[in-house]
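Each remark here refers to the structure printed beneath this line.
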There are 2 protein chains.
Amino acid sequence: MCSRTSRNSRTGRPRSIEADTAILEATRAALVDLGWSKLTMGDVAGRAGVAKTTLYRRWANKNELVVDAVAVLFDELELPDLGSLRADIEHVVLQFAALLERPETKTALMAVVAESTRDAPLRERIRASIVDRQKRLVLDGRRRAQQRGELPSDRDPTTVEATDDLIFDVIAGAVVHRALVSAEPVDGQWVARLSALLVGGLGAVATLGE
Amino acid sequence: MCSRTSRNSRTGRPRSIEADTAILEATRAALVDLGWSKLTMGDVAGRAGVAKTTLYRRWANKNELVVDAVAVLFDELELPDLGSLRADIEHVVLQFAALLERPETKTALMAVVAESTRDAPLRERIRASIVDRQKRLVLDGRRRAQQRGELPSDRDPTTVEATDDLIFDVIAGAVVHRALVSAEPVDGQWVARLSALLVGGLGAVATLGE
DNA sequence: AGCCTTTCGCTACAGGTCGTAGCGTAACTC
DNA sequence: GAGTTACGCTACGACCTGTAGCGAAAGGCT
């Protein structure tokens with residue numbers, strides 16, 4: 001989860017687990033207080049009651065530390081079966097939006113993604129600990145909708161995968177763009193429009209008034 | 001466009017226009033070579049053949065400089081009438097994706113958006129010089145589709161505005177997420193699926209195979 | 001022409017951050 | 001106890017930020 005140099009050796013003094021959690025907690029607190037750009041390794045070390053060198057023994061740089069600190073928040077995401085595709089979509093979107101509204105994730109997520117465009121290991125770390133965790137929700141939602149008969153069953157497996165990827169990018173991208181770029185609230189009304197668009201297309205959402 | 005302290009006084013030595021363009025060009029070059037995080041004001045000044053103090057006289061910090069440097073690239077976006085809603089969507093999405101594939105924008109866009117979550121003036125600058133420029137394309141596209149009869153005409157004006165906002169967030173968000181988060185190519189096949197989803201909904205895209 | 005105003009390039013600087021090295025000590029295994 | 005690894009601490013060079021002060025350049029105005 002954390003260190004890249006964890007050469008799980010059975011000898012020597014073991015790494016403090018408490019230090020791990022304290023550092024990640026301190027990182028989130030620093031994100032809230034200072035934001036991404038003004039967060040420094042020294043500050044996090046001070047908050048966590050840990051030497052700065054200890055941070056560098058576990059994380060190579062600020063980016064990887066912040067990814068791990070934020071990633072655990074995505075564990076909360078769940079997809080209870082609410083009985084219909086639209087209800088499932090709206091619920092998970094609201095959950096995701098609530099996560100994005102938190103000041104820790106708000107300032108950190110885009111920053112690390114920006115860094116990942118020039119840092120392949122960081123991109124992989126984000127994918128494994130954040131993106132894939134969200135993507136599972138799409139797979140589950142589609143499977144349920146097919147079982148209910150709301151969506152046609154699978155044909156070509158490659159088509160299915162491409163469609164899942166598309167839906168994921170559309171939903172996650174729309175929420176992120178709404179929350180961080182447009183900087184408008186992701187409320188029930190907006191989510192209702194989004195799910196109407198996804199299920200019925202542009203024609204459906206345009207006549208949503210009546 | 002650039003300086004916040006441009007007290008357009010008619011007296012004194014005028015600011016060099018060439019310096020402006022040289023600085024913005026140097027900024028884009030530095031973004032390509034170094035990426036967002038390693039770009040420094042001193043480096044840009046050196047590339048532009050300009051003193052570092054000249055940069056600070058025109059832009060308060062790195063964020064605002066990069067926004068202006070990248071914003072001009074979004075002037076290229078156009079929306080020729082291709083005869084159908086789907087064709088219009090696919091064309092503008094491919095254009096937008098090509099812009100995001102460029103290394104300058106790839107590394108800079110997400111970074112400045114991340115900064116803007118804690119910097120209201122920067123957010124406004126981004127909105128005015130980048131976001132609104134894209135949004136106009138959505139308005140034009142919808143108007144044309146209505147004239148063609150592909151979409152129902154307007155009823156409640158507030159509903160119309162909310163729908164435009166939604167469509168914009170969905171399209172722009174999906175492309176950004178695909179290109180930067182999923183890090184997968186935005187090619188003709190993906191765009192075709194996206195436009196099918198937008199026009200016909202989830203059911204339509206699932207049966208796109210035949 | 002001469003004066004005034006503003007920008008320019010240059011140098012220097014204080015303040016802060018990064019990431020590492022070296023040290024003595026603490027904790028755990030065999 | 002011996003060996004091994006993590007820890008806290010201090011110090012450090014390298015780098016970037018953003019500002020200040022200087023003399024010179026480039027315009028407008030009378």
Side-chain angles (χ1 to χ4, degrees), chain A residues 1-24 26-27 30-31 33-66 111-112 115 118-119 121-122, chain B residues 1-24 26-27 30-31 33-66 107-108 111-112 115 118-119 121-122:
Chain A
M1 159 228 189
C2 65
S3 135
R4 51 168 58 186
T5 49
S6 80
R7 36 184 102 162
N8 39 336
S9 55
R10 283 125 216 243
T11 160
R13 176 174 176 176
R15 288 197 171 164
S16 164
I17 313 265
E18 309 142 14
D20 256 350
T21 64
I23 290 170
L24 294 179
T27 304
L31 281 175
D33 292 349
L34 308 173
W36 160 265
S37 57
K38 294 186 179 174
L39 178 147
T40 69
M41 299 294 263
D43 182 275
V44 171
R47 288 172 190 259
V50 159
K52 196 174 61 166
T53 45
T54 299
L55 260 74
Y56 281 105
R57 284 195 193 94
R58 306 183 184 208
W59 289 276
N61 50 51
K62 192 166 120 175
N63 295 320
E64 312 215 339
L65 170 61
V66 169
V112 294
E115 294 295 310
R118 299 204 125 231
D119 185 340
L122 179 64
Chain B
M1 160 232 187
C2 65
S3 136
R4 52 167 58 187
T5 49
S6 81
R7 36 184 102 160
N8 36 337
S9 53
R10 281 123 218 250
T11 161
R13 177 175 175 175
R15 288 195 171 165
S16 162
I17 312 267
E18 307 142 14
D20 256 350
T21 64
I23 291 171
L24 293 179
T27 303
L31 281 174
D33 292 349
L34 308 173
W36 160 263
S37 57
K38 293 185 179 173
L39 178 147
T40 68
M41 297 294 263
D43 183 275
V44 171
R47 288 171 190 259
V50 159
K52 196 174 61 165
T53 45
T54 300
L55 261 74
Y56 281 105
R57 284 194 193 95
R58 307 183 185 207
W59 289 276
N61 51 50
K62 192 166 120 175
N63 295 321
E64 312 214 338
L65 169 62
V66 170
T107 186
V112 294
E115 295 295 311
R118 299 204 126 230
D119 184 341
L122 180 65

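Chain letters run A, B, ... following the sequence lines, proteins first and then strands; every chain starts at 1.
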Taking the minimum atom-to-atom distance to the side chain of [X], which one of [options] wins?
{"X": "B:Lys52", "options": "C:dC18, D:dG8, D:dG18", "answer": "D:dG18"}
{"X": "A:Arg15", "options": "D:dG8, C:dG19, D:dA6", "answer": "D:dA6"}
{"X": "A:Arg58", "options": "D:dG8, D:dC16, D:dA6", "answer": "D:dA6"}

Please enumerate all protein N or O atoms sitting under 3.5 Å from an N or O of nucleotides 23-30 of chain C, with distances to 0.1 Å.
residue, atom, partner, partner atom, Å
C:dA26, N3, A:Arg13, NH1, 3.2
C:dA27, O4', A:Arg13, NE, 3.4

Are the side chains of [Y] and [X] in contact, using a 4.5 Å heavy-atom criterion?
{"X": "B:Trp36", "Y": "B:Asn63", "answer": "yes"}
{"X": "A:Val50", "Y": "A:Arg58", "answer": "no"}
{"X": "B:Glu64", "Y": "B:Asn61", "answer": "yes"}
{"X": "A:Asp20", "Y": "A:Arg15", "answer": "no"}

Between [atom2] on [N] and [atom1] on [X], what's the gap in Å once rounded to a whole number?
{"X": "A:Asn63", "N": "C:dG19", "atom1": "CG", "atom2": "C1'", "result": "14 Å"}
{"X": "B:Glu18", "N": "D:dA26", "atom1": "CD", "atom2": "P", "result": "11 Å"}
{"X": "A:Asn61", "N": "C:dT17", "atom1": "CG", "atom2": "C1'", "result": "14 Å"}

Assign each of A:Thr54 and B:Asp43 to its nearest nucleotide of DNA chain D by heavy atoms, then name whichever residue's nucleotide is nearer the 5' end. A:Thr54
Nearest 0.5 Å, please: how far is OG1 in B:Thr107 from CG in B:Leu39?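 Result: 9.0 Å between the selected atoms.
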NA contact type, A:Thr53, heavy-atom cut-off 4.0 Å: base, sugar-phosphate, or nothing?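 Here A:Thr53 touches the bases of the nucleic acid.
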Does B:Asp43 use its side chain to pair, donor to acceptor, with the backbone of B:Gly46 at less than 3.5 Å? no
